[in-house]
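Working notes, beginning with the structure itself.
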Amino acid sequence: MSTTLLLVQTLNGLQLGVLLFLIAAGLTLVFGVMDFINLAHGVQYMLGAYLAVAFYTVTGSFLAALVLALAAALAFGLLLEFAVFRHLYDRDHLDHVIATFGIILFLNHGVKVVWGAAPLSLPMPELLSGSVRLAGGLNYPVWRLVIIASGLVVAALLYLLVTHTRIGMLVRAGATNARMVSALGVDIRRLFMIVFGFGAMLAGFAGIMIAPILSVEPGMGDTILILAFVVIVIGGIGSIRGAFLAALLIGLVDTLGRSFSVDLLRLVMAPSPARTVGPAIASMLIYLLMAVVLYVRPTGLFPAKGR
Amino acid sequence: MESGSGRIFFGKPVPTFPENAPLATSFGAVPAAARRGRFAETLPIGIFLVLALLPLAALADGSSYLVSLGARIMIFAIAAVALDVLVGYCGLISFGHAAFIGLGAYAVGILSAHGIADALVALPAALVVSALYAFLTGSVCLRTKGVYFIMITLAFGQMAFFTASSLAPYGGDDGLTLTTRCTLAGFPFINDERAFYYLVFACLLGSYLLCRALVASRFGRVLRGAKENAVRMAAIGFDVYRFQLAAYVIVGTLGGLSGFLLANATEFVSPAYMSWQRSGELIVMVLLGGLGSLNGAIIGTAAYLLMEEWLAGFTENWKVIFGPLLVLVVLFARGGLIGLWSELMRRLGRG
Amino acid sequence: MAEPILRLENLRKTFGALVVTDDLTLDVMPRELHAVIGPNGAGKTTLINQISGLLAPDTGAILFAGRDITALSMHARAQLGLARSFQITSVLPRFSALENVALAVQSRVGSSFRFFGRAADETALNAAAMAALADVDLADRAHVPAGALSHGERRALELAIALAMEPKLLLLDEPMAGTGHEESARLVGVLQRLKGRFPVVLVEHDMAAVFALADRISVLIYGRILASGSPAEVRADPRVVAAYLGDEME
């Protein structure tokens with residue numbers, strides 16, 4: 001277990017954490033403000049990646065692809081809200097789960113129809129495609145640092161937005177008590193639309209940023225969706241701050257856990273069983289973490305609705 | 001939707017009830033125990049009659065395709081009926097039900113890998129493993145409510161999935177092929193497709209009758225009451241948690257039964273049996289038929305699997321059509337196929 | 001001197017900076033109908049919630065028939081004989097009035113872990129439930145879904161459910177809330193008939209009802225008991241008149 005490896009995996013963990021935050025932020029707001037379980041958030045992330053690939057093929061420029069894909073992701077999110085989700089806010093959670101599950105099926109197979117099942121790739125901007133020397137013997141990809149940086153910037157912007165603007169105040173109020181906000185005469189429909197559209201854009205942005213590193217393929221949003229839900233459950237529903245901290249925590253735990261589980265287990269058991277049990281435990285680690293957190297704090301660490 | 005959407009207090013519509021409403025109301029979930037009337041009684045008879053006679057019809061056809069398809073439908077119907085008890089009657093949305101199917105299947109698979117194929121060992125093993133997992137995970141899950149409950153059942157489902165994926169000696173990601181179907185005291189009874197079919201039929205019939213008795217019993221009434229108003233039930237003196245845990249274990253065990261049969265049907269076990277998408281599909285099956293009616297679970301399973309067979313023949317990507325269809329069902333046909341049928345009959349009856 | 005059936009000792013409950021129950025001490029004697037009155041926001045429902053177990057007090061003790069129940073869950077207290085009605089009607093809307101009450105009977109007679117036999121057909125449970133419904137004059141509405149009952153009928157149903165538990169102590173949280181003149185007069189009549197069967201703690205705003213029914217009255221102001229005694233004593237108490245009754249009695 002070298003220090004270099006530890007450093008690299010910590011950075012990777014941060015990168016995953018930041019990615020998770022981008023997705024979880026929209027998810028937790030939509031849930032907190034509209035009490036709406038949006039399983040389709042994962043395919044919105046996937047769609048961002050696909051749209052970026054499509055626009056890149058047309059424009060040849062990553063930046064143009066980024067901007068266009070973001071716009072398209074926003075438009076698509078608003079369309080979904082208008083056509084489907086808006087009619088489900090007053091239904092119970094089961095209806096949300098099934099309907100958004102249907103959207104997942106639709107999009108996961110829809111992208112297969114349009115783009116085929118083979119994984120696609122999106123090249124990153126030339127300028128940022130290299131590696132940078134961080135410490136003795138440690139070369140780390142610039143793009144991953146870009147992801148971390150952009151995620152932190154978005155987090156900071158979100159923080160400012162939520163705490164220093166009127167809209168942000170309405171969102172925070174809505175996450176605490178939506179009925180009251182509506183009763184106070186705020187156009188709650190418009191607020192919902194804004195929250196939803198913004199969340200969709202964030203998820204799409206995450207997809208676009210990760211596309212150069214991962215392969216773009218159908219179903220790529222499924223695993224990350226589950227992780228995002230674990231994040232918002234641990235962080236506390238409706239809380240951006242909770243989502244941020246939980247996302248970083250989970251990103252680190254998951255990445256470091258997968259890298260070092262076998263080594264850690266070798267401290268207490270023989271190498272052969274360690275190599276079998278290690279990866280199994282590593283993949284379960286975050287779920288165990290969630291179970292423990294929920295046992296101690298049944299509504300997460302920083303729930304918006306103070307119970 | 002039936003008359004009765006009352007005032008909308010920002011969000012959840014508050015149902016109003018016509019004076020002489022029958023005890024059954026159509027707001028989606030309909031308590032089967034409250035449904036009197038010929039329909040509710042004759043429908044299951046019809047279903048089981050069709051299922052019982054299917055192999056005879058298939059005889060004319062000559063192939064065993066229909067029979068194995070029928071068996072597959074019934075196997076998942078067992079799991080769906082059990083899930084309906086949880087979702088439709090208890091109001092507990094479990095997103096990890098597929099794990100129990102997987103556990104039952106892996107019990108068979110692992111024993112088979114060690115040369116043990118006797119049903120007298122494999123079946124109890126499957127049931128005990130699922131029951132145990134249901135008890136342990138249920139006791140944690142049931143301390144939560146709402147979306148937290150959904151998430152934590154999902155988490156436990158994932159845990160089972162990943163554990164199975166990492167079992168390298170038992171196939172890991174790729175799964176494990178059984179050497180043979182289970183034998184009964186050495187006799188390979190269920191190698192014959194029709195014998196297996198009737199075994200599955202018996203299991204489905206038994207599970208269905210068990211669940212029907214359960215929801216109408218004292219035990220079931222407490223759960224149905226808790227679904228409507230858990231605080232009221234506690235105020236009357238019921239420890240709702242204990243009842244829900246017992247229900248969760250029973251449902252999980254039936255899932256294990258389904259898994260045992262599935263492993264024998266396909267002679268193959270794989271982690272894919274317990275993916276969260278499978279858990280989602282099971283909920284869809286129940287909803288499609290009609291939540292809270294048990295008959296609906298069987299009908300919905302048949303509808304889903306038949307659709308899968310039929311549409312998959314046209315295109316590999318049939319779910320592009322099914323996805324939006326599901327959305328439409330949720331928006332406009334929340335009561336599922338049974339709800340649609342009832343509505344149709346009602347309109348025809350009014351003349 | 002008889003032992004109190006319910007004793008609250010130095011009960012304290014705060015929500016953040018707001019003190020809702022402030023070092024409250026109260027005794028309820030067996031066989032008495034003890035009314036708790038006070039202005040809105042005095043903490044009456046919070047008090048009932050703490051006694052029944054829906055809320056846990058921050059400090060203090062609750063003793064029921066001499067037994068410390070402060071740490072017991074709501075259902076455990078119900079099993080001991082503590083029954084309550086809710087200020088905001090809390091029934092099972094899709095179940096008939098009869099089944100609502102039958103469930104309470106079922107809880108009392110025990111052994112609900114029965115998996116076979118249709119509960120709705122059990123004659124013994126239904127008979128006991130009908131008796132409770134008859135007590136509140138709801139017998140002819142037994143098979144109507146609770147959600148279809150009028151508001152006043154649902155308040156009566158709340159009472160019937162509590163009665164079916166054969167309680168050792170009945171907590172009534174504003175049973176007259178939202179009912180019209182006729183309905184509330186009917187409920188008062190029902191409560192008159194039930195008086196003496198078991199001790200009752202009655203939280204109410206309706207002063208006519210309170211003075212018609214109560215054996216003793218405690219006045220709750222800002223989470224504390226200002227005065228406690230017979231109706232005549234309380235009515236004459238100048239502190240009470242100043243703080244609360246002065247306006248009410250107009």
Side-chain angles (χ1 to χ4, degrees), chain A residues 31 34-35 37 39 83-84 87-110 112-113 117 178-180 182-183 188 219 222 225-226 229-230 232-233 237 275-284 286-291 294-295 298-300, chain B residues 8-13 28-29 87-88 91 93 95 137 140-141 143-152 154-169 275-277 280-281 283-284 287-288 291 315-331 334:
Chain A
F31 199 128
M34 288 105 94
D35 197 21
I37 301 186
L39 291 185
V84 181
H87 308 285
L88 295 171
Y89 293 146
D90 42 356
R91 304 281 206 93
D92 61 68
H93 287 164
L94 180 63
D95 293 23
H96 303 168
V97 166
I98 305 278
T100 50
F101 188 74
I103 305 280
I104 295 180
L105 292 177
F106 172 63
L107 280 173
N108 267 341
H109 293 263
K112 239 197 273 186
V113 169
R179 287 182 202 196
M180 186 55 81
S182 170
I188 206 81
D222 292 355
L225 172 76
I226 310 263
F229 263 103
V230 174
I232 71 170
V233 164
I237 290 178
R275 247 177 282 125
T276 332
V277 177
I281 299 235
S283 39
M284 292 198 272
I286 23 166
Y287 300 107
L288 289 170
L289 183 63
M290 178 169 83
L294 282 185
Y295 192 78
T299 50
Chain B
I8 309 261
F9 184 116
F10 182 79
K12 325 258 181 248
V87 179
I93 306 169
F95 219 100
T137 59
V140 177
C141 294
R143 294 191 192 279
T144 63
K145 297 193 301 244
V147 72
Y148 300 101
F149 178 78
I150 302 177
M151 285 314 301
I152 202 155
L154 176 64
F156 282 123
Q158 292 290 84
M159 280 199 230
F161 174 79
F162 287 124
T163 310
S165 300
S166 65
L167 292 176
S275 67
W276 68 275
Q277 289 92 337
E281 284 169 19
I283 301 181
V284 168
L287 189 89
L288 211 53
L291 212 58
T315 161
E316 199 187 39
N317 293 316
W318 65 282
K319 286 185 177 160
V320 183
I321 312 165
F322 186 70
L325 186 70
L326 204 53
V327 175
L328 290 174
V329 167
V330 171
L331 285 174
R334 183 54 173 69

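What you see is a predicted model, and the numbers here were worked out from it, not measured in a lab. Numbers restart at 1 for each chain; the letters A, B, ... are given by sequence-line order, proteins then strands.
Taking each heavy atom of A:V230 and B:M151 in turn, the nearest pair found is N-CE, 4.1 Å. Between A:M290 and B:I152, the shortest heavy-atom distance links the atoms CE-CA, 4.0 Å. The two residues A:F106 and B:P324 make their nearest non-hydrogen contact at CD1-CG, 3.5 Å.
Of the atoms belonging to A:L225, it is side-chain heavy atoms, and not backbone ones, that fall under 4.5 Å from chain B. With a 4.5 Å cut-off on non-hydrogen atoms, B:L331 touches chain A through its backbone and its side chain both. For chain B, the nearby part of A:L88 is the side chain; its heavy atoms alone come within less than 4.5 Å. For A:I37, the part lying under 4.5 angstrom from a heavy atom of chain B is the side chain only. Heavy atoms closer than 4.5 Å to chain A are found in both the backbone and the side chain of B:I283. Residue contact with chain A, scored on non-hydrogen atoms closer than 4.5 Å, involves the side chain of B:V87 exclusively. For chain A, the nearby part of B:I150 is the side chain; its heavy atoms alone come within less than 4.5 Å.
Put simply, the side chain of A:L294 does not reach to within 4.5 Å of the side chain of B:F149, judged on heavy atoms. Contact annotation: the side chain of A:N108 never approaches that of B:K319 to less than 4.5 Å [non-hydrogen atoms, C-beta and beyond]. By the 4.5 Å heavy-atom criterion applied to side chains, B:F95 and A:L39 are counted as neighbours. For the pair B:Q277 and A:I104, the minimum side-chain heavy-atom distance is 4.5 Å or more. Looking only at side-chain heavy atoms (C-beta outward), A:L105 and B:E281 stay at 4.5 Å or farther from each other.
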*Could you go step by step and tell me if A:F31 and B:V147 meet the side chain to side chain contact (heavy atoms under 4.5 Å, CB included) rule?*
CA-CA 10 Å; A:F31 199 128; B:V147 72; 3.2 Å; yes
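Among the candidates A:V97, A:L107, A:I226, A:I281, the residue making the largest number of heavy-atom pairs closer than 4.5 Å to chain B is A:I226. Options B:L326, B:V320, B:V329 differ in how many heavy-atom pairs under 4.5 Å they form with chain A, and the most are formed by B:V320.
Every residue was checked against the side-chain hydrogen bond (donor to acceptor under 3.5 Å, both in side chains) condition with B:N317, not counting sequence neighbours, and none meets it.
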Please tabulate, for the side chains in residues 155-165 of chain B, all donor-acceptor contacts under 3.5 angstrom to protein atoms that are two or more places apart in sequence or on a different chain.
unit_1, atom_1, unit_2, atom_2, d
B:Q158, NE2, A:Y287, OH, 3.3
B:T163, OG1, B:M159, O, 2.6
B:S165, OG, B:F161, O, 2.9

